[in-house]
Amino acid sequence: MASDPPPPQLTERWADVVIENKSSHIFKLEVMHQYTGHEVQKSEWHILKPNEKKWMLKVNFNTGVFTTGTDNWKVHGLKKKEKDSQDFTESWRSGTGAAGTDWKKHTLRSEDHGEVTEIKVFEAEIQFVSKSGTSTTSFYRHDD
(Lines give C-alpha, C1' and ligand atoms only; values in the text may rest on other atoms or scores of the structure.)
Protein backbone atom coordinates (compact mmCIF):
# COMPACT_ATOMS: atom_id res chain seq x y z
CA MET A 1 0.00 0.00 0.00
CA ALA A 2 1.53 3.32 -1.05
CA SER A 3 1.79 6.06 1.54
CA ASP A 4 -0.06 9.30 0.99
CA PRO A 5 2.01 12.03 -0.65
CA PRO A 6 2.96 14.93 1.61
CA PRO A 7 0.70 17.98 1.50
CA PRO A 8 1.85 20.52 -1.11
CA GLN A 9 2.50 23.09 1.64
CA LEU A 10 5.03 20.81 3.37
CA THR A 11 8.68 21.76 2.91
CA GLU A 12 11.49 19.43 3.90
CA ARG A 13 14.33 21.28 5.59
CA TRP A 14 17.66 20.67 7.30
CA ALA A 15 19.99 22.30 9.82
CA ASP A 16 23.51 21.65 11.07
CA VAL A 17 23.94 20.98 14.78
CA VAL A 18 27.01 22.14 16.69
CA ILE A 19 27.65 21.44 20.38
CA GLU A 20 29.74 23.61 22.69
CA ASN A 21 31.02 22.55 26.10
CA LYS A 22 30.51 25.62 28.31
CA SER A 23 31.18 23.62 31.50
CA SER A 24 34.51 23.33 33.32
CA HIS A 25 34.63 19.55 32.72
CA ILE A 26 35.72 17.27 29.88
CA PHE A 27 32.72 15.44 28.45
CA LYS A 28 32.10 12.78 25.84
CA LEU A 29 28.79 13.92 24.28
CA GLU A 30 26.12 12.55 21.95
CA VAL A 31 23.12 14.37 20.43
CA MET A 32 19.83 12.78 19.38
CA HIS A 33 17.10 14.47 17.35
CA GLN A 34 13.68 13.24 16.34
CA TYR A 35 11.15 15.08 14.24
CA THR A 36 7.69 13.70 15.01
CA GLY A 37 7.02 10.56 12.97
CA HIS A 38 10.58 10.29 11.66
CA GLU A 39 13.42 8.05 12.74
CA VAL A 40 15.78 9.19 15.49
CA GLN A 41 18.90 10.89 14.15
CA LYS A 42 22.01 10.34 16.31
CA SER A 43 25.46 11.84 16.29
CA GLU A 44 28.65 10.01 17.07
CA TRP A 45 30.14 10.41 20.55
CA HIS A 46 32.67 13.26 20.67
CA ILE A 47 35.07 14.31 23.42
CA LEU A 48 34.90 18.03 24.17
CA LYS A 49 37.16 19.98 26.49
CA PRO A 50 35.85 23.12 28.23
CA ASN A 51 34.98 25.85 25.68
CA GLU A 52 35.45 23.45 22.76
CA LYS A 53 32.86 23.40 19.96
CA LYS A 54 32.23 20.59 17.43
CA TRP A 55 29.85 19.84 14.56
CA MET A 56 27.67 16.85 15.55
CA LEU A 57 25.16 16.10 12.77
CA LYS A 58 22.74 17.39 10.16
CA VAL A 59 19.07 17.11 11.15
CA ASN A 60 15.95 17.01 8.99
CA PHE A 61 12.62 18.66 9.79
CA ASN A 62 9.48 19.86 8.03
CA THR A 63 7.76 23.22 7.89
CA GLY A 64 4.55 24.35 6.26
CA VAL A 65 0.91 25.17 6.80
CA PHE A 66 -0.32 21.66 7.58
CA THR A 67 2.72 20.28 9.40
CA THR A 68 2.09 19.30 13.01
CA GLY A 69 5.45 17.78 13.91
CA THR A 70 7.90 19.03 16.49
CA ASP A 71 11.63 18.64 16.95
CA ASN A 72 12.65 16.70 20.05
CA TRP A 73 16.19 16.51 21.42
CA LYS A 74 18.33 14.57 23.88
CA VAL A 75 21.93 15.11 24.91
CA HIS A 76 23.83 12.32 26.64
CA GLY A 77 27.17 12.88 28.27
CA LEU A 78 29.92 10.96 30.02
CA LYS A 79 32.02 13.15 32.31
CA LYS A 80 35.73 12.50 32.61
CA LYS A 81 36.55 11.22 36.09
CA GLU A 82 39.82 13.07 36.60
CA LYS A 83 41.93 15.37 34.45
CA ASP A 84 44.72 12.83 33.86
CA SER A 85 42.43 9.80 33.71
CA GLN A 86 41.00 8.18 30.58
CA ASP A 87 37.88 7.09 32.48
CA PHE A 88 34.54 8.64 31.60
CA THR A 89 32.51 7.25 34.49
CA GLU A 90 29.72 9.71 35.29
CA SER A 91 26.62 9.44 33.11
CA TRP A 92 24.79 12.74 32.40
CA ARG A 93 21.74 13.60 30.34
CA SER A 94 19.42 16.40 29.38
CA GLY A 95 15.80 16.75 30.39
CA THR A 96 13.75 16.21 33.48
CA GLY A 97 11.75 13.06 32.77
CA ALA A 98 12.22 9.43 33.66
CA ALA A 99 14.52 7.33 31.51
CA GLY A 100 13.41 7.38 27.90
CA THR A 101 10.96 10.25 28.34
CA ASP A 102 13.40 13.11 28.69
CA TRP A 103 13.09 14.53 25.17
CA LYS A 104 13.30 18.34 25.06
CA LYS A 105 11.10 20.09 22.54
CA HIS A 106 12.89 22.80 20.55
CA THR A 107 11.03 23.24 17.29
CA LEU A 108 12.94 24.42 14.25
CA ARG A 109 11.23 26.89 11.90
CA SER A 110 11.68 27.86 8.26
CA GLU A 111 14.26 30.51 9.20
CA ASP A 112 16.45 27.73 10.70
CA HIS A 113 16.76 25.96 7.32
CA GLY A 114 20.40 25.67 6.27
CA GLU A 115 21.52 27.41 9.46
CA VAL A 116 23.39 26.18 12.54
CA THR A 117 21.57 25.17 15.71
CA GLU A 118 23.93 25.41 18.67
CA ILE A 119 23.63 23.23 21.75
CA LYS A 120 25.45 24.78 24.71
CA VAL A 121 26.27 22.45 27.61
CA PHE A 122 26.63 24.26 30.95
CA GLU A 123 27.23 22.86 34.47
CA ALA A 124 23.53 22.16 35.13
CA GLU A 125 21.63 23.12 31.98
CA ILE A 126 21.62 22.86 28.23
CA GLN A 127 20.57 25.59 25.82
CA PHE A 128 19.31 24.92 22.30
CA VAL A 129 19.98 28.08 20.27
CA SER A 130 18.70 28.51 16.72
CA LYS A 131 17.83 31.52 14.60
CA SER A 132 14.15 31.12 15.57
CA GLY A 133 14.74 31.05 19.33
CA THR A 134 16.31 29.51 22.43
CA SER A 135 15.11 26.65 24.66
CA THR A 136 16.61 25.50 27.94
CA THR A 137 16.48 22.23 29.85
CA SER A 138 18.36 20.70 32.76
CA PHE A 139 21.57 18.67 32.49
CA TYR A 140 22.13 16.30 35.36
CA ARG A 141 24.05 13.27 36.54
CA HIS A 142 22.19 10.05 35.96
CA ASP A 143 24.35 7.03 36.62
CA ASP A 144 22.62 3.76 35.78
Side-chain angles (χ1 to χ4, degrees), residues 1-81 86-144:
M1 178 185 211
S3 62
D4 293 332
Q9 297 82 0
L10 179 141
T11 303
E12 294 180 354
R13 308 217 185 242
W14 63 271
D16 282 314
V17 178
V18 169
I19 197 162
E20 184 174 7
N21 182 359
K22 302 294 280 179
S23 79
S24 61
H25 307 285
I26 298 173
F27 274 99
K28 189 182 288 186
L29 297 163
E30 171 192 52
V31 174
M32 288 182 274
H33 169 265
Q34 184 177 36
Y35 183 81
T36 305
H38 293 190
E39 288 187 25
V40 174
Q41 296 175 285
K42 290 172 78 169
S43 73
E44 299 291 324
W45 285 88
H46 292 281
I47 297 173
L48 283 94
K49 297 174 184 168
N51 297 311
E52 192 171 9
K53 187 188 285 193
K54 287 193 178 178
W55 180 88
M56 298 298 276
L57 75 160
K58 180 187 276 191
V59 297
N60 299 304
F61 62 100
N62 296 333
T63 61
V65 178
F66 295 111
T67 57
T68 57
T70 58
D71 296 276
N72 296 291
W73 305 83
K74 283 185 191 183
V75 177
H76 290 155
L78 296 171
K79 188 168 123 183
K80 194 168 191 179
K81 186 176 181 177
Q86 296 302 312
D87 295 333
F88 287 85
T89 56
E90 288 183 18
S91 180
W92 287 67
R93 72 172 178 213
S94 61
T96 56
T101 63
D102 53 356
W103 289 95
K104 172 62 180 170
K105 183 166 111 174
H106 175 76
T107 301
L108 299 174
R109 309 277 182 212
S110 58
E111 59 264 35
D112 300 317
H113 174 67
E115 299 290 333
V116 172
T117 293
E118 288 188 332
I119 299 174
K120 297 181 181 187
V121 178
F122 292 91
E123 301 294 332
E125 75 174 26
I126 293 181
Q127 291 179 354
F128 299 87
V129 182
S130 57
K131 202 169 187 177
S132 64
T134 299
S135 300
T136 303
T137 192
S138 62
F139 188 54
Y140 63 99
R141 185 175 177 174
H142 183 77
D143 293 330
D144 294 326

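Here, residue 1 is the first one in the sequence, and each next residue gets the next number. Treat the numbers as computed from the prediction; the structure is a model and nothing was measured.
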Partner residues of [X] under the side-chain hydrogen bond (donor to acceptor under 3.5 Å, both in side chains) criterion, sequence neighbours left out:
X: E20; value: none
X: S24; value: E123
X: S110; value: none
X: E118; value: K53

Rounded to the nearest 0.5 Å, how far apart are CD1 of I119 and CH2 of W73?
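I119 atom CD1 to W73 atom CH2 measures 5.5 Å (nearest 0.5 Å).
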Roughly how far apart are Q34 CD and T70 OG1, rounded to 0.5 Å?
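The distance works out to 9.0 Å.
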Apply salt bridge (charged side-chain N to carboxylate O under 4.0 Å, His left out) to E125 and list each qualifying residue two or more places apart in sequence or on a separate chain.
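For E125 there are no salt bridge (charged side-chain N to carboxylate O under 4.0 Å, His left out) partners, ignoring immediate neighbours.
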Just to verify, what does K104 make a salt bridge (charged side-chain N to carboxylate O under 4.0 Å, His left out) with, not counting sequence neighbours?
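Listed in chain order: nothing, the list is empty.
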Scan the side chains in residues 55-62 for donor-acceptor partners under 3.5 Å anywhere in the protein, sequence neighbours excluded, and list what turns up.
unit_1, atom_1, unit_2, atom_2, d
W55, NE1, D16, OD1, 3.0

Name all residues meeting the side-chain contact (heavy atoms from CB on, under 4.5 Å) criterion together with [X]; count only those two or more places apart in sequence or in a different chain, and write none if there are none.
X: R109; value: T107, E111, D112, S132
X: S138; value: T96, Y140
X: E44; value: H46
X: E30; value: M32, K42, S43, W45, H76

What closest approach, in Å, do K80 and F88 show between heavy atoms, and which atom pair accounts for it?
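Heavy-atom minimum between the residues: N-CD2, 3.5 Å.
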To check you understand the geometry: which heavy-atom pair defines the closest contact between F27 and N21, and what is its length?
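It is N-ND2, 4.0 Å.
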My understanding is that only residues two or more places apart in sequence, or in another chain, count here; which of them pass ring-ring contact (aromatic ring centres under 6.0 Å, His included) with H38?
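Once residues adjacent in sequence are excluded, the partners of H38 under the ring-ring contact (aromatic ring centres under 6.0 Å, His included) criterion are Y35.
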Take atom NZ in K131; do more than 12 heavy atoms of anything else shown fall under 6.0 Å from it?
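No - once you tally the heavy atoms of other residues, nucleotides and ligands closer than 6.0 Å, there are 12 at most.
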